[in-house]
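Working notes for the structure below.
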2 protein chains.
Amino acid sequence: MELDSGIGVPANIAAAWGLRERPGKGPKPGLTLDGIVAAGIRVAAADGIGAVSMSRVAAEAGASTMALYRYVRAKDELLELMMDAAIGDPPPIAPDAGWRAALTAWAWACRELYLAQPWTLRVPISGPPATPHQLAWMDAGLTALADTRLREEEKLSIVLLFSMYVRNEATVAVDMQAAVEAVDTSLDEAIATYGKLLRLLVDPARFPALARVIEAGVLDRADEPYEEFVFGLERILDGVGLLIAQRAGS
Amino acid sequence: MELDSGIGVPANIAAAWGLRERPGKGPKPGLTLDGIVAAGIRVAAADGIGAVSMSRVAAEAGASTMALYRYVRAKDELLELMMDAAIGDPPPIAPDAGWRAALTAWAWACRELYLAQPWTLRVPISGPPATPHQLAWMDAGLTALADTRLREEEKLSIVLLFSMYVRNEATVAVDMQAAVEAVDTSLDEAIATYGKLLRLLVDPARFPALARVIEAGVLDRADEPYEEFVFGLERILDGVGLLIAQRAGS
DNA sequence: CGTTTCTGTGTACGTTATACGCAGCACTAG
DNA sequence: CTAGTGCTGCGTATAACGTACACAGAAACG
């Protein structure tokens, strides 16, 4: 924290932590990093990351395109800052209620955050988590496992596993939502259309197992959007539970 | 298959299935779709998807940029075709050895495929699986679960869960590999650098659980690259195993 | 043989990120 | 108080991108 002049800190990470020395020599800056990031988030929320171009953000922030480069090294850095600002701090985690309840709450909170700001899922990941809010979420996830006898290494792996899972499931949900909106139809109808397509394409002789799934009518109607999420979440929680029980027993 | 004139089949899917009517009226085509796709794959394999531009692929295929558009509706479609060609057919799955062994083999095969062709991970997913090889992989995964008493719906969810997991874990592995190569260092060193960075940034008062992980030395050295993959895979397999046992019991 | 329809290609347009240079401002050294 | 210096915002310029469009020519059909 104090060692902001540590040479080892990559530039984009440093920016995310707010350690950017701006010596008071030249004219007063007319913009602020936070303002630019907020402008970027406004654009992304309104029209998706596809609309987040430097010129568009600059217009939203009330400046010229090139002015942004006085605050941000490149577009990637802006995106990373937007991401960090968007995810914010995790809700408080109480491991007293048990690791399973705590991790479940963590996962749901994470999912809601993604669904509320779908553009965050389109920001390309640029490295291991190192921005303040990313670390805060990791800490929260680890806290959920604090009372178990897992090895620290295992806790980290598990949190990453869940983090990955939630992110992916949210991506799928958002993609489906986007596809549905693009054709202006209902979720049920979209699934049914997909089912019909597969019925057309899948030769039962070539893909017998898949044909059985289709014949069972799985793709004729849509589940509630969160049911798929719950299913996978429960499986992984079960698997982790086994390991926790094993470690507790030894 | 035969109903290629089905109006419901999206254009890109139709292309992937090879149903594209090219009536014999005009001059003989000088290129082939397969040739173009192969050229695209050659470019991607050599220099990554970033290098896959229409002009570059055209040059590789020995034609002008715009010639590609006689075979491909847009760049997205080309990428989808490249993807489908790259994943190929899954290895034969023998559920006789048990669902767990079969799913494990499936997951490893899938992972190897991603690692061998890292660019496939950067191709944006454009919809639910519908190309021939994608469906073949799905069928193979479902076959692994064929002898269980799971509901068809559950089988599908489980295969998607694994598919997602493998894809993500491979993405992380490839990203790490790329980062390591970019700085021209070793994996161990890269992890250690990350550990040092976190030691610098993480205030134990603010992120106690995370600080404990770091203090435990988890980030001082790298595991074998596949260990993280195995860990998550085993957890999910365990979780799925619980459900299978439950369904078998009832 | 004309007509039709498809082929490959060149040109042109709109966007993108961003390197560079300039004019002016605010602070610091003298 | 007065240079000087290093920062500010900005306009211009460049290179690359996907692709719409128009055109010349080739092959098949009537």
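The shown structure was predicted, so the numbers you read here are calculated from the model rather than taken from an experiment. Lettering follows sequence order; numbering is per chain, from 1.
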Checklist entry - When all nucleic acid strands are considered with a 4.0 Å heavy-atom cut-off, which category describes A:Lys25: base, sugar-phosphate, or nothing? => result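 The answer is base, as A:Lys25 lies within the cut-off (heavy atoms under 4.0 Å) of a base atom.
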Checklist entry - Which part of the nucleic acid, if any, lies within contact of A:Ser53, taking any heavy atom under 4.0 Å across all strands shown: a base, the sugar-phosphate backbone alone, or nothing? => result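 Since only primed, P, OP1 and OP2 atoms lie under 4.0 Å of A:Ser53, the category is sugar-phosphate.
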Over how many whole Å does the gap from [X] atom [atom1] to [N] atom [atom2] extend?
X	N	atom1	atom2	answer
B:Tyr69	D:dC17	OH	P	11 Å
A:Arg56	C:dT16	CZ	P	10 Å
B:Leu79	D:dG18	CG	C1'	12 Å
B:Leu68	D:dC17	CG	C1'	14 Å
B:Asp76	D:dT19	CG	C1'	12 Å
B:Arg20	C:dC6	CZ	P	13 Å
A:Glu77	C:dT18	CD	P	11 Å
A:Met54	D:dA15	CE	C1'	17 Å

Please check: side-chain N/O of [X] versus main-chain N/O of [Y], any donor-acceptor pairing under 3.5 Å?
X	Y	answer
B:Tyr71	B:Leu31	yes
A:Trp106	A:Trp137	yes
A:Tyr165	B:Tyr165	no
A:Glu60	A:Val43	no

Item to check | Nearest heavy atoms of A:Pro129 and B:Leu198, plus distance in Å | outcome: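 The pair with the smallest heavy-atom distance is O-CD2, 4.2 Å.
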Checklist entry - Which pair of non-hydrogen atoms, one from A:Ala109 and one from A:Pro91, has the smallest distance, and what is that distance? => result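 What the structure gives for the nearest pair is CB-CG, 3.6 Å.
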Item to check | Interface with DNA chain C, restricted to residues 32-41 of chain A and to heavy atoms under 4.0 Å | outcome: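 Residues of residues 32-41 of chain A under 4.0 Å from DNA chain C: none.
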Nearest of [options] to any side-chain atom of [X]?
X	options	answer
B:Lys75	D:dG18, C:dG24, C:dT18	D:dG18
A:Pro29	D:dG9, D:dT19, C:dT18	D:dG9
B:Ser64	C:dG21, C:dG10, C:dA17	C:dG10
A:Arg70	C:dT9, C:dG21, C:dA17	C:dG21
A:Met66	D:dT12, D:dA20, C:dC25	D:dT12

Item to check | First of B:Leu31 and A:Gly50 reached from the 5' end of DNA chain C, by closest nucleotide | outcome: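 Going by which nucleotide is closer to the 5' end, it is B:Leu31.
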Next on the checklist: If you assign B:Pro27 and B:Ala51 each to the DNA chain D nucleotide with the nearest heavy atom, which residue ends up on the more 5' nucleotide?
Outcome noted: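 Comparing both residues, the 5'-ward one is B:Ala51.
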Next on the checklist: Here's a test of your reading of the structure: between A:Ala63 and B:Ala74, which maps to the more 5' nucleotide of DNA chain D?
Outcome noted: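 Looking at the nearest nucleotide for each, A:Ala63 comes out on the 5' side.
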When the side chains of residues 182-190 of chain A are checked against the rest of the protein, which donor-acceptor pairs come out under 3.5 Å, sequence neighbours left out?
| unit_1 | atom_1 | unit_2 | atom_2 | d |
| --- | --- | --- | --- | --- |
| A:Thr185 | OG1 | A:Glu189 | OE1 | 3.1 |
| A:Ser186 | OG | A:Glu189 | N | 3.1 |
| A:Asp188 | OD1 | A:Ala222 | N | 2.8 |

Next on the checklist: Check the phosphate of C:dC27 against A:Lys28, side-chain N and O only, distance under 4.0 Å to OP1 or OP2. Yes or no?
Outcome noted: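 Answer yes for this pair, as a side-chain N or O of A:Lys28 is under 4.0 Å from OP1 or OP2.
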Item to check | N/O (side chain, A:Tyr71) to phosphate O (OP1/OP2, D:dG9) under 4.0 Å | outcome: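 Answer is yes, contact under 4.0 Å.
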Checklist entry - Of A:Val174, A:Ile41, A:Leu79, A:Asp47, which meets side-chain contact (heavy atoms from CB on, under 4.5 Å) against A:Trp119? => result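 Only match with A:Trp119 under side-chain contact (heavy atoms from CB on, under 4.5 Å): A:Ile41.
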